[in-house]
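Below is one structure; the comments refer to it alone.
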Amino acid sequence: MKKDTLLTHVARDPAKYQGMVNTPVYRTSTVIYPDLGSYEARGGDDYKKVRYGLYGTPTTFALEEAIAKMEGGHAAVVVPSGLAAIAAPLAAFLKTGDHLLVVDSVYGPTRTFCDRHLKPNGVEVEYYDPRIGAGIDKLLKAGTRAVFCESPGSLTFEMQDIPAIAAAAHARGVPVLADTTWGTPYFFRPFEHGIDVSIHAGTKYINGHSDILLGAIVTNERCWKTVRKTVAEYGYCVSPDDCYMALRGFRTIGVRMNHQMASALKIAGWLQARPEVKRVIYPALEGDPGHALWKRDFEGAASLFSFILNPARPAAVKAFIDALELFGIGSSWGGFESLAIVARVEGHRTATAWDPGGPLIRLHIGLEDPDDLIADLEQGFAKLKSVV
Ligand SMILES: *Cc1c(COP(=O)(O)O)cnc(C)c1O
């Protein structure tokens, strides 16, 4: 089955639900058993059986199955946020005295979790250059218990050579965890590139409508029990209503992403030719430093990218962003609507220097007509120039 067909048919079983196209919303805390024997036999490692609301209902399982199958993983578990999907596997693999390698361009709250929770608990956290590739071998130690990747980073978009990193890590039996939110299960196949644990902010493109917080962790067979048990032990659980909505959004991820990628490429190309713009940072563009890796490993690009303005006064940058009428000013991405922010990376890195040479603007391109978005950016640039 091709991926668009799978996306339409995966995790549906109308015969089981009175002919309903979608798995309905099942809400429960308690599950009642026919007799004491079956109640007392309810536990174990089979988290795909209904046993208690915390571990999911058929609504949860449908979403988990859809994400896992689209990505080609062994199984998936959903958690209340993307950040929870990062914290749980890190907690699962690391204990006092262990060593963790984390990419320097990682999502800010991941770094905060490592610095404020793992480090004080005695985990040695070491940040590494996103472009390290096979060179990660030199940083792996006897106590290294996980390598954390994010490719590309969601502000600066450096691509990582994941297969090279995974080969070095696996040679020492170290699992590779990766935040694959940008790639999505539609455009990236993590398990074919050596990732053991794939982490998603389902909040973004999987749900796609900016109205739900959700995380998903997909693993290979080897890592499944460790990760699934830890999620259960932390008590993470997602409302079946949110699972239903997320699966409803996920069904259309293909049309959304293909459309949004085409718009993003058009807008990025337009920006490249603008005198106000120093450089566009988008691995999908030819000439981007990460383009070759992106082309080798990805089937498409998210509509999230950045560009560097030529040096401009803060008041001019503010005038530009404030002038935008179609781009919302706000966090997150992956919804149907466009967003713009000034990305402030300065001072956050420890392993590499980041000096873009001008203000860094991050855009999320939504489902609007790209020509309208271009016109909006153009009038924004007029405002930028009017501030002297
Ligand atoms: C948004 C985001 C997250 C966290 O997702 P939440 O659901 O907001 O907690 C994790 N990683 C990346 C790359 C993100 O952009």
Side-chain angles (χ1 to χ4, degrees), residues 63 67 71 76-91 102-117 127 130 148-160 162 177-188 190 195 197-218 231 234 236-239 242-243 245-246 249-250 253 257 260 264 281-283 290 294 298 301-306 328-335 337-345 348-349 360 362-366:
L63 173 63
I67 294 172
E71 225 174 30
V77 58
V78 293
V79 293
S81 70
L83 190 52
I86 292 161
L90 286 173
V102 179
V103 64
D104 206 25
S105 51
V106 78
Y107 175 62
T110 305
R111 183 182 281 265
T112 303
F113 179 79
C114 290
D115 291 346
R116 293 180 55 87
H117 293 274
Y127 294 96
F148 195 97
C149 302
E150 184 181 329
S151 178
S154 64
L155 294 175
T156 51
F157 301 95
E158 286 113 320
M159 292 296 305
Q160 294 191 257
I162 301 267
L177 285 51
D179 184 329
T180 52
T181 302
W182 190 90
T184 78
Y186 189 75
F187 278 156
F188 184 58
I195 290 166
V197 178
S198 171
I199 292 162
H200 293 280
T203 309
K204 312 289 166 59
Y205 292 102
I206 287 178
N207 178 59
H209 293 76
S210 305
D211 51 5
I212 277 171
L213 282 147
L214 182 92
I217 311 161
V218 191
V231 168
Y234 270 76
Y236 286 147
C237 170
V238 183
S239 145
D242 284 358
C243 291
M245 294 301 285
F250 191 49
I253 193 173
M257 291 206 71
Q260 286 172 253
I281 310 175
Y282 190 25
W294 171 77
F298 286 67
S303 62
L304 184 81
F305 67 89
S306 289
I329 305 169
S331 293
S332 202
W333 42 279
E337 82 291 10
S338 292
L339 298 167
I341 54 165
V342 177
R344 305 204 188 272
V345 182
H348 288 288
R349 294 192 173 211
L360 184 67
R362 188 185 74 178
L363 298 183
H364 172 256
I365 305 303

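For ligands, and for the atoms within them, numbers begin at 1 and follow the listed sequence.
- A donor-acceptor pair is defined here as one N or O able to donate and one able to accept, closer than 3.5 Å; no such pair exists between the side chain of Thr180 and the backbone of Gly183.
- For the pair Arg111 and Tyr127, the distance from NZ or CZ to the six-membered ring centre is under 6.0 Å and the angle to the ring normal is within 45 degrees.
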Show the short N or O contacts, below 3.5 Å, that ligand 1 makes with protein N or O atoms; if there are none, say 'none'.
{"unit_1": "ligand 1", "atom_1": "7 (O)", "unit_2": "Gly82", "atom_2": "N", "d": "2.8"}
{"unit_1": "ligand 1", "atom_1": "7 (O)", "unit_2": "Thr203", "atom_2": "OG1", "d": "2.5"}
{"unit_1": "ligand 1", "atom_1": "9 (O)", "unit_2": "Gly82", "atom_2": "N", "d": "3.2"}
{"unit_1": "ligand 1", "atom_1": "9 (O)", "unit_2": "Leu83", "atom_2": "N", "d": "2.9"}
{"unit_1": "ligand 1", "atom_1": "11 (N)", "unit_2": "Asp179", "atom_2": "OD2", "d": "2.6"}
{"unit_1": "ligand 1", "atom_1": "15 (O)", "unit_2": "Lys204", "atom_2": "NZ", "d": "2.6"}
{"unit_1": "ligand 1", "atom_1": "15 (O)", "unit_2": "Trp333", "atom_2": "NE1", "d": "3.0"}

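- Results of the side-chain contact (heavy atoms from CB on, under 4.5 Å) test with Val197 over Leu90, Asp179, Ile217, Val218 single out Ile217 as the only residue that passes.
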Side-chain polar contacts of residues 79-88 - donor-acceptor pairs under 3.5 angstrom, sequence neighbours left out - could you list them?
{"unit_1": "Ser81", "atom_1": "OG", "unit_2": "Leu83", "atom_2": "N", "d": "3.3"}
{"unit_1": "Ser81", "atom_1": "OG", "unit_2": "Ala84", "atom_2": "N", "d": "3.0"}

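- By the salt bridge (Lys or Arg N to Asp or Glu O under 4.0 Å) test, Glu150 pairs with no residue at all, sequence neighbours left out.
- Applying the salt bridge (Lys or Arg N to Asp or Glu O under 4.0 Å) test to Asp115 and every residue at least two apart in sequence or in another chain returns Lys119.
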